[in-house]
Structure formats: structure tokens, C-alpha cells
S.K.: 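Attaching a single structure in C-alpha cells format; questions to follow.
The sequence lines fix the lettering, A, B, ..., with proteins before strands; numbering per chain opens at 1.
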There are 2 protein chains.
Amino acid sequence: MQTRTPTIHTEAPDTSGFIPRSNSLAGSVYEAIFAQLMALKIPPGARINVDHLVRELNVSQTPIREALGRLEGEGLVVKTHLIGYSAAPQIARRRFDELYQLRLLLEPDSAARAALSMDDEKLATLREAAGVMGRRDGTDERLRYSTFARQDAMFHDCILAYAGNELIRETLNHQHTHFHIFRLMFHSRVTEEALDEHEALLTAFAAGDASAAEKAMRVHLEHSRDRLLPAFD
Amino acid sequence: MQTRTPTIHTEAPDTSGFIPRSNSLAGSVYEAIFAQLMALKIPPGARINVDHLVRELNVSQTPIREALGRLEGEGLVVKTHLIGYSAAPQIARRRFDELYQLRLLLEPDSAARAALSMDDEKLATLREAAGVMGRRDGTDERLRYSTFARQDAMFHDCILAYAGNELIRETLNHQHTHFHIFRLMFHSRVTEEALDEHEALLTAFAAGDASAAEKAMRVHLEHSRDRLLPAFD
DNA sequence: CAATACCATATCCTATAGGATTTTATTCGG
DNA sequence: CCGAATAAAATCCTATAGGATATGGTATTG
């Protein structure tokens, strides 16, 4: 039949010179739902109706179920038999503490390793990501936070990349997905402190000082945690 | 129509007093494929034919695709558009190193925390899991390894449970899945050393000595890594 | 003999239809 | 007025069918 006209061709531009395998419908659906989760269009805990998605994305049920299964495997979605899918529940206080405990075990060490392998090019990239130049005021609060969140995530991810352990990087990025949703829910205000802490890290990196980088990262994470903690009141 | 008779009723006994929602077909299929992966019935890198599974499990394609999607989200299965699904490739040397680096960052700390919250009951459970009594010889090599692998996994998981951080526990268990497959591929022989190292940990736990437990775990992991390293030659 | 083109098969991908179960709304009785 | 039972609707779950694409073998040609 094939009378329908899928409206969600994401079609990644495949920069890395591979065979341009056009992505499957299931893959496109996955990205679409993922985006909705990240943008809080589907809030935490809300039910996800398959039929609605059928009409909205103009695609049949099968690829949607496949995509939802994948999201379930990643922990972003929960399935209950004969009830259906729903977005993963809001992060709880306990999980929040556990996450920062995990970050404190992994990221300071990664900062130290990154410091040891630092060079001018990497440093420049980090400076860019740190958003030192992003201190402009006057923009509205929402855009301001959105910019900061992206920069902060990029900054930390760069450090993990330079540390050289892809497994740790993937692990933390995975958790960051949940974390991002949490932060969005609370519209946590951006403080200038975070940027100062980033600069402290940059200074350590510039000097190639591993132990200083480790310590700076530890301080940064602890402050970050304390800044977000009031959200649970 | 429903003329078929599914042959894979796993039907978990739901010990934890919840509503006895009989698990969905997709869930049963997931468990069946998962078991085949863990038992190396589907070796790493091998292609996974959906039609074969249809005939083998006597179930239609849809729940199979949903289950495969979930396995993909967990990283145990890889999908290539218009090619199909295949089991995740064998763990590479690099990933092996990264895994032990991750474990060395997380598990010693967990051992220390577990030591602090130790009591008689937990200690008894750990002794049980440590397999101190499992030193019997005479059994065949294969069963012997299988027993050890299960005990070792249980032992480490118990420690993580007592450490109190569920997120870390989940993270490591997730990785352990891949690791298990790796170990099975190489039929790595069980040495008595591992059991000695477990006993050293138990001693530290019995004394409630956090730093001793941390150190013992670090030593155990490093030795474990070195014992498996020859597999890459 | 080697390389290329072509065709048949296998496999994947998507769409549609129908049965099973839960949820919700309505009605009746206390 | 409240609670329980019943009926209807919504939703999920599974099965089947057909189109699209890749793979592998065979024949043909240089």
C-alpha cells in the first residue's frame, strides 16, 4: 500500500565517510520520541499512547513499539503489561544523591587524566565549550539556561573524552540524559559560580596539573550538587 | 486467530507481593533471547534472524522486534538498517582495560562503604556467596567454572548492595553482562587465588575495617584483570 | 581463467486487522 | 448520597500479508 508519507526524515548527514545507509523508520521514530522526552513534551511519569504516536508521526505501530522497546532498554521509558508505556518517573532525591556520588568517583579522576594529556588544541576546545564568553546578560532566563545546560554538558563530555575511557564516558552520558530532564523540570537558575568553577578547571588544565584538576573537579561537582539540592524542598 | 501455543511461559513467581501481572509476550521473548546470548547459543557478532526466532519461539514478529529493540537499548544487540540484528561484537582489549579501570574506581570505594555497614547477617550472606565451601575438586572443568562465575558475580553484587548505591550497582551489573560473555568465550580457568582474595575481603569485612576492605578489593580486581589478560594473546 | 552482470532467494521493513484486557462512565440498589 | 455492578470505549497485544532491499549463486563475456 504505502500511501502514507512519513514526516520525520531525520537523515543524519553521516559526516564520517561511511556508507550512507538511510536510517530505518524505527530509528527515526526513536529519535522523535527521544526528543520529545528531552524537551519535556512528554513529562516524567506521563503515559505514552501508541495510537497517538501513530497519528502524530504518521507511522504504523510496529516501528513505534520497536523504538519504545529500545527506549525501555535505555531506562527512559517504563512498560507495564496491559497498561502500556510511560515516561520514566521523575528522579528521586535518593537517585540524585547516588548520581553525584557516582560522578564524584569518576569525574575527578577523569579530569586528572585529561590534564595529563592536554595540549593547545584541546585546551582551546575546552575554553570554547566552557562558555567563558557566554557571560552576556540581557537574554531571557529560559534561553539563558538552555545555553548553559548545553555548554556544561559539552564541557564535561569533552573532559571525559580527553581522559580516554570511552566506557566511563558512555556511562555518564547515559545518566546525564535523566539528569537533563531533572534540571529542566526545576528551571534551576544559572549562577555565575559555575562559570568560575569552570575557569578554575581550565587553569589547572592549562598548567597540566593533574592533582589540581582533580581537586577543582571535585569542588565543582560538590558545589553543583549543593546548588541543585534546594529543588527537593 | 490465536491458533499457536507459545512455548516460553517464563512466568516469574513475583516473590515481592505485587500484583501478579502475567508478563507480556515481548517480555518473555526478551528473556529467551537474553538467555541465548548469555549461554553463547548466539555467539558474539553472529547475526540474529528474526524469522528463525519466529519459528523457534512460535511467536509472531512484532514482539520479537520489540524485544530486540530493548536488547539494542541495553547494548547487547546491534542493528543495521536493511541488514538486521546481530549480537554485540566480542569485547576488545581496549574495552577490557576500560572496564577494569571503571571497576577500580567504583568497587574499592563500595567495599569500604560496605565494611562500615557490616553486621552478622550480611557477613553470613557474603560468606555464603564467597564460595569458601566451594573448594571441592573432582568436578568437571566446565561446571566448575560455571559455579565460580556465578559465585563471583553474586559476591561482588552483594558488596555493591550493602554499599547502598543502587545506581552504581546497576551500572556495574549492566557491564557485567558483557563481561560474562567474554569470560565464557575464553573458558578462563579458575584459580585458587581468587578464593583467597575473597577471603581476604571477608576478613576485612568481619573487622569492619573500611580501608582494609578498600585495599583488598583493589588488589583483588588488579589480580583478576591480570589473570584474564592472557586471553588476548 | 577471471571479472562482471543478472536473477532468484532470503531477509528485513512496514501496514493492517482482530482478539484480549483494562479503564471509565453509567445505572441501579441500599 | 454513596457504593457496587454492568456496559461501552479506549488501549494494548498479537498475528498475518505484502512491498523493498540486500545477499549469493550462476551464467556470460572478455
S.K.: Compute whether any side-chain donor of one residue and acceptor of the other, for A/His156 and A/Glu107, lie under 3.5 angstrom apart.
M.R.: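 Looking only at side-chain atoms, A/Glu107 and A/His156 do form a donor-acceptor pair, the distance falling under 3.5 Å.
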S.K.: If I take atom CG from residue B/Leu40 and atom NE2 from residue B/His180, how far apart are they, to the nearest 0.5 angstrom?
M.R.: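 Answer rounded to 0.5 Å: 7.0 Å.
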S.K.: C/dA15 C1' sits how many Å from A/Arg55 CZ, rounded?
M.R.: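 To the nearest whole Å, that distance equals 16 Å.
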S.K.: Take the protein atom CZ of B/Arg47 and the nucleotide atom P of C/dC12, then report the distance between them rounded to whole Å.
M.R.: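 It works out to 6 Å between those atoms.
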S.K.: Nearest 0.5 angstrom please: B/Leu106 CG to A/Ile168 CD1, how far?
M.R.: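 Here the rounded value is 7.5 Å.
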S.K.: Using a distance-only test with no angle check, is there a side-chain donor-acceptor pair under 3.5 angstrom linking A/Gln36 and A/Glu56?
M.R.: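 Result is yes, a qualifying pair exists.
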S.K.: If the condition is side-chain hydrogen bond (donor to acceptor under 3.5 Å, both in side chains), which residues does B/Arg94 pass it with, not counting sequence neighbours?
M.R.: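 If we apply the side-chain hydrogen bond (donor to acceptor under 3.5 Å, both in side chains) test to B/Arg94, skipping adjacent residues, the hits are B/Glu98.
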S.K.: Can you tell me how far C1' of C/dC13 sits from CG of B/Leu53, to the nearest Å?
M.R.: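 Roughly 16 Å, once rounded to whole Å.
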S.K.: Near DNA chain C, which residues from residues 61-77 of chain B have a heavy atom under 4.0 Å away?
M.R.: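 Output list: B/Gln61, B/Arg65.
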S.K.: Should B/Ser60 be listed as having a side-chain N or O under 4.0 Å from OP1 or OP2 of D/dT14?
M.R.: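 No.
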S.K.: Take atom CG of B/Asp51 and atom P of D/dG18, then tell me their distance rounded to the nearest Å.
M.R.: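 Result: 16 Å.
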S.K.: Of the options D/dT14, C/dC12, D/dC13, whose atoms approach the side-chain atoms of B/Leu25 most closely?
M.R.: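 Looking only at heavy atoms from C-beta outward on B/Leu25, the closest nucleotide is D/dT14.
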S.K.: To the nearest Å, give me how far apart NE2 (B/His52) and P (C/dA10) are.
M.R.: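 Rounding to the nearest Å, NE2 of B/His52 and P of C/dA10 are 10 Å apart.
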S.K.: Taking CD1 from B/Ile48 and P from C/dT11, how many angstroms apart are they, rounded to a whole number?
M.R.: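 These atoms are roughly 14 Å apart.
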S.K.: Output the rounded distance in Å from OH (A/Tyr85) to P (D/dC13).
M.R.: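 Roughly 7 Å, once rounded to whole Å.
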S.K.: Which pairs of donor and acceptor atoms, one on a side chain in residues 41-50 of chain A, lie under 3.5 Å apart (sequence neighbours left out)?
M.R.:
{"from": "A/Arg47", "atom 1": "NH2", "to": "A/Ile83", "atom 2": "O", "distance (Å)": "3.1"}
{"from": "A/Asn49", "atom 1": "OD1", "to": "A/Asp51", "atom 2": "N", "distance (Å)": "2.8"}
{"from": "A/Asn49", "atom 1": "OD1", "to": "A/His52", "atom 2": "N", "distance (Å)": "3.1"}

S.K.: For a quick test of reading the model: is some side-chain N or O of A/Asn49 closer than 4.0 Å to OP1 or OP2 of D/dC12?
M.R.: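 Yes, A/Asn49 has a side-chain N/O under 4.0 Å of OP1/OP2 on D/dC12.
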